[in-house]
Amino acid sequence: MDFTEAKSHDLVPHKGFNLISGIHDPDEVDQIYNSEIRDSDVFVITYPKSGTIWMQQILRLLEAKGDIQATKDELNSVQVPWIELIGNGKAFVTAPSPRLRVAHLQYHFMPLALSQKKGKVIYVARNPKDVLVSYFHFHKVATMLETPKDFNDFFEKFMKGGVYGNCWFDHIKTWYSHKDDMNILFITYEEMIQDLQSVVERISLFLDKDLTDEQLANVVKHSTFRNMKKIPQANYELVPEDLLDHHKGSFMRKGTIGDWKNHFTVAQNERFDQVFQKEMKDFPLSFIWDINDIV
Ligand code: PPS
């Protein structure tokens, strides 16, 4: 299927990557590659369900030096938008600095200038078993995504890369393989759960921010799961019902490590581990799979 035949919300492959009809426009996505990049531009790159909206909140709070009131004038999705959504690539060109953006796109779509060390990239990775579970629940809430028949149905889809974001292994490995070309900071969702303060400090340093200890403490305070869940500008409860069916679940669902253990069968887990070992045997970063493994 191509975009001329697609119904709204169909998943349509474009240059080896699935886009969502009605949400993405392939021509606009292609134009991102030639965007001029300013030194102050920041891109957060994630495979879906890996901590994107968490990073939106952290970036906004860093910008506001921890002042939560200053972030409440506008939704995080407006201030730190997905560059690949329809209309956003065009708006990026003339937007005022600093241009803070998030994206789930694969490396080959992103501005070429990033690989000339212009702008900054923060890649957030999450252990893929929890990504799969979070994504399964999100498919029930998001009206733009096909509701899975059951967990097994979604498990198979994810393993085949038949989702937005495609194959988790390809996404992280491709981005990581280009790390020396870019100004990039790699962090994991699990590190953020384990020690949010030190991750926020690393991000602040990476972005050359100059916040006092008290301001940094406020960034941390207002981006914990418990606090963020109460902030409509950050928690996505204000997204219209035609995009998210809030009766079916919440964007900020559990926010923990290891929920996969409540979903995977023993057979699914063994199969996943086999694929993981094969795909990631040479990959240098490790993941935390259980909240109890946090020290
Ligand atoms: S999306 O749709 O791709 O943008 O989703 P994304 O924001 O990447 O991921 C959503 C998951 O991140 C969890 N989340 C958090 N966890 C801990 N602390 C904070 N502050 C936080 N904010 C968001 C959110 O709950 C989703 O994970 P699950 O496992 O479904 O709870």
Side-chain angles (χ1 to χ4, degrees), residues 18 20 23-24 43-62 68 71 75-78 80-85 88 101-106 122-145 148 151 154 158 163-166 168 171-172 187-197 199-200 203 218-237 239 243-246 248-264 287-291 294:
N18 295 324
I20 305 169
I23 302 285
H24 307 119
F43 290 91
V44 171
I45 307 294
T46 52
Y47 188 90
K49 314 321 289 181
S50 302
T52 325
I53 72 161
W54 197 355
M55 283 300 304
Q56 284 176 324
Q57 177 74 344
I58 291 170
L59 289 191
R60 283 210 75 196
L61 283 163
L62 282 172
I68 187 68
T71 67
L75 298 179
N76 285 358
S77 56
V78 172
V80 191
W82 274 267
I83 194 166
E84 66 263 44
L85 298 188
N88 288 358
R101 296 294 181 272
V102 293
H104 296 315
L105 292 173
Q106 252 296 14
I122 302 173
Y123 189 100
V124 188
R126 184 181 190 184
N127 93 54
K129 293 182 187 176
D130 282 330
V131 166
L132 191 159
V133 166
S134 178
Y135 216 0
F136 165 65
H137 288 286
F138 188 64
H139 271 70
K140 295 190 277 184
V141 177
T143 47
M144 85 270 287
L145 302 171
F151 183 72
F154 187 75
F158 184 91
V163 290
Y164 179 55
N166 295 62
W168 181 89
H171 199 279
I172 185 167
I187 53 183
T188 66
Y189 178 95
E190 291 77 21
E191 287 172 312
M192 292 166 75
I193 295 272
Q194 183 165 25
D195 187 352
L196 186 56
Q197 166 96 27
V199 175
V200 166
I203 296 170
N218 280 330
V219 175
V220 174
K221 176 176 161 199
H222 299 299
S223 48
T224 62
F225 187 80
R226 216 162 51 126
N227 287 339
M228 216 181 116
K229 203 170 160 63
K230 289 186 245 161
I231 304 172
Q233 290 85 349
N235 68 14
Y236 281 70
E237 71 184 44
V239 175
L243 290 175
L244 294 184
D245 185 342
H246 299 285
K248 293 192 175 150
S250 147
F251 207 110
M252 297 193 63
R253 195 183 57 90
K254 285 203 170 169
T256 189
I257 307 171
D259 192 36
W260 62 271
K261 293 190 172 178
N262 300 317
H263 293 76
F264 279 40
F287 289 93
I288 297 172
W289 302 94
D290 190 323
I291 191 79
I294 277 186

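Counting starts at 1 for both ligands and their atoms, following the listed order. If you read the sequence from its start, that first residue is 1, and numbering goes on from there.
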Undergrad: For the aromatic rings, using the six-membered ring if either is Trp, is the centroid distance between Trp168 and Phe287 under 6.0 Å?
TA: yes

Undergrad: Can you tell me which residue and heavy atom of the protein come closest to atom 12 (O) of ligand 1, and the distance to 0.1 Å?
TA: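 Result for atom 12 (O) of ligand 1: Tyr189 CE1, 3.9 Å.
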
Undergrad: Strictly under 4.0 Å, does any heavy atom of Gln57 approach an atom of ligand 1?
TA: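 The answer is no, since Gln57 has no heavy atom less than 4.0 Å from ligand 1.
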
Undergrad: Which part of Met55 is near ligand 1, with near meaning a heavy atom under 4.0 Å away: side chain, backbone, both or neither?
TA: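 Answer for Met55: neither.
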
Undergrad: Test your reading of the structure: does Thr256 have an N or O sitting under 3.5 Å from an N or O of ligand 1?
TA: no

Undergrad: Angle class for the Trp82/His104 ring planes (parallel below 30°, perpendicular above 60°, tilted otherwise)?
TA: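 Rings of Trp82 and His104: tilted, 30 to 60°.
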
Undergrad: Determine the interplanar angle of the Phe151 and Phe264 rings, folded into 0 to 90°, and report it as parallel if under 30°, tilted if 30 to 60°, perpendicular if over 60°.
TA: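 Tilted, since the angle between the ring planes falls between 30° and 60°.
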
Undergrad: Looking at every non-hydrogen atom in both residues, tell me the closest pair between His139 and Pro148 and how far apart they are.
TA: CB-CD, 3.6 Å

Undergrad: Under a 4.0 angstrom heavy-atom cut-off, which atoms of ligand 1 come close to Ser223?
TA: 20 (N)

Undergrad: Could you find the nearest protein heavy atom to atom 23 (C) of ligand 1 and give me its residue, atom name and distance?
TA: Ile53 CG1, 3.8 Å

Undergrad: Kindly indicate whether a cation-pi arrangement holds for Lys229 with Phe251, taking the cut-offs as under 6.0 Å to the six-membered ring centre and within 45° of the axis.
TA: no

Undergrad: Starting from atom 28 (P) of ligand 1, what is the nearest protein heavy atom, named by residue and atom, and what distance separates them?
TA: Ser134 OG, 3.4 Å

Undergrad: Compute the minimum heavy-atom distance from His137 to ligand 1 and say whether it is under 4.0 Å.
TA: no

Undergrad: Which atom names give the shortest non-hydrogen contact between Asp130 and Asp259, and what distance separates them?
TA: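 Minimum heavy-atom separation between Asp130 and Asp259: OD1-N, 3.0 Å.
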
Undergrad: Starting from atom 29 (O) of ligand 1, what is the nearest protein heavy atom, named by residue and atom, and what distance separates them?
TA: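 Nearest protein contact, heavy atoms only, for atom 29 (O) of ligand 1 is Arg126 NH2, 2.9 Å.
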
Undergrad: Can you tell me if Asp130 contacts ligand 1 (heavy atom of the residue under 4.0 Å from the ligand)?
TA: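 No, that is not the case, since the closest heavy atom of the residue is not under 4.0 Å from the ligand.
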
Undergrad: Near Phe251, which atoms of ligand 1 are under 4.0 Å from a heavy atom of that residue?
TA: 1 (S), 2 (O), 4 (O), 5 (O), 7 (O), 24 (C), 25 (O), 26 (C)

Undergrad: For atom 22 (N) of ligand 1, which protein heavy atom lies nearest, and how many Å away is it?
TA: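 Checking every protein heavy atom, the shortest distance to atom 22 (N) of ligand 1 gives Met252 CE, 3.4 Å.
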
Undergrad: How does Pro48 reach ligand 1, if at all, at less than 4.0 Å between non-hydrogen atoms: by side chain, backbone, both, or neither?
TA: both

Undergrad: Step by step, would you call Ile231 with Ile68 a side chain to side chain contact (heavy atoms under 4.5 Å, CB included)?
TA: CA-CA 10 Å; Ile231 304 172; Ile68 187 68; 3.7 Å; yes

Undergrad: Evaluate the ring planes of Phe136 and Phe154, with Trp represented by its six-membered ring, and classify them as parallel (under 30°), tilted (30 to 60°) or perpendicular (over 60°).
TA: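 Answer is tilted, since the angle falls between 30° and 60°.
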
Undergrad: Is any side-chain heavy atom of Ser77 less than 4.5 Å from a side-chain heavy atom of Val239?
TA: no

Undergrad: State, yes or no, whether a side-chain contact exists between Lys254 and Val133 at a heavy-atom distance under 4.5 Å.
TA: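 No. Closest side-chain heavy atoms not under 4.5 Å.
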
Undergrad: Indicate yes or no: does an N/O atom of Gly51 lie under 3.5 Å from an N/O atom of ligand 1?
TA: yes

Undergrad: For atom 9 (O) of ligand 1, grab the closest protein heavy atom and report residue, atom and distance to one decimal in Å.
TA: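 Nearest neighbour among protein heavy atoms for atom 9 (O) of ligand 1, to 0.1 Å: Lys49 CA, 3.2 Å.
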
Undergrad: Any idea which atoms of ligand 1 are less than 4.0 Å away from a heavy-atom of Gly255?
TA: 16 (N), 17 (C), 25 (O), 28 (P), 31 (O)

Undergrad: Can you report which non-hydrogen protein atom sits closest to atom 25 (O) of ligand 1, along with the distance?
TA: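 That would be Arg253 N, 3.2 Å.
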
Undergrad: Would you mind telling me which of Thr52, Val44, Thr188, Val199 makes a side-chain contact (heavy atoms from CB on, under 4.5 Å) with Val124?
TA: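 When Thr52, Val44, Thr188, Val199 are each tested with Val124, the side-chain contact (heavy atoms from CB on, under 4.5 Å) holds only for Val44.
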
Undergrad: State the atoms of ligand 1, each with its element, that fall below the 4.0 Å cut-off from a heavy-atom position in Thr52.
TA: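 Near Thr52, the atoms of ligand 1 are 1 (S), 3 (O), 4 (O), 6 (P), 7 (O), 8 (O).
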
Undergrad: Need the ligand 1 atom indices (1-based, order shown) with element for anything under 4.0 Å from a heavy-atom of Thr224.
TA: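 Checking each atom against Thr224, I get 20 (N).
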
Undergrad: When you compare ligand 1 with Lys254, is there at least one nitrogen or oxygen pair between them that comes in under 3.5 angstrom?
TA: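 Yes, there is a polar N/O contact under 3.5 Å.
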
Undergrad: Tell me, do Arg253 and Val141 make a side-chain contact under 4.5 Å, heavy atoms counted?
TA: no

Undergrad: What orientation do Tyr47 and Phe158 show, parallel under 30°, tilted 30 to 60°, or perpendicular over 60°?
TA: perpendicular

Undergrad: Answer yes or no: does an N/O atom from Trp54 fall short of 3.5 Å to an N/O atom of ligand 1?
TA: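 Yes - when backbone and side-chain N and O of Trp54 are compared with those of ligand 1, one distance drops under 3.5 Å.
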
Undergrad: Run the numbers for me: atoms of ligand 1, each under 4.0 Å from some heavy atom of Trp82, listed by number.
TA: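 Near Trp82, meaning under 4.0 Å from one of its heavy atoms, ligand 1 has 4 (O).
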
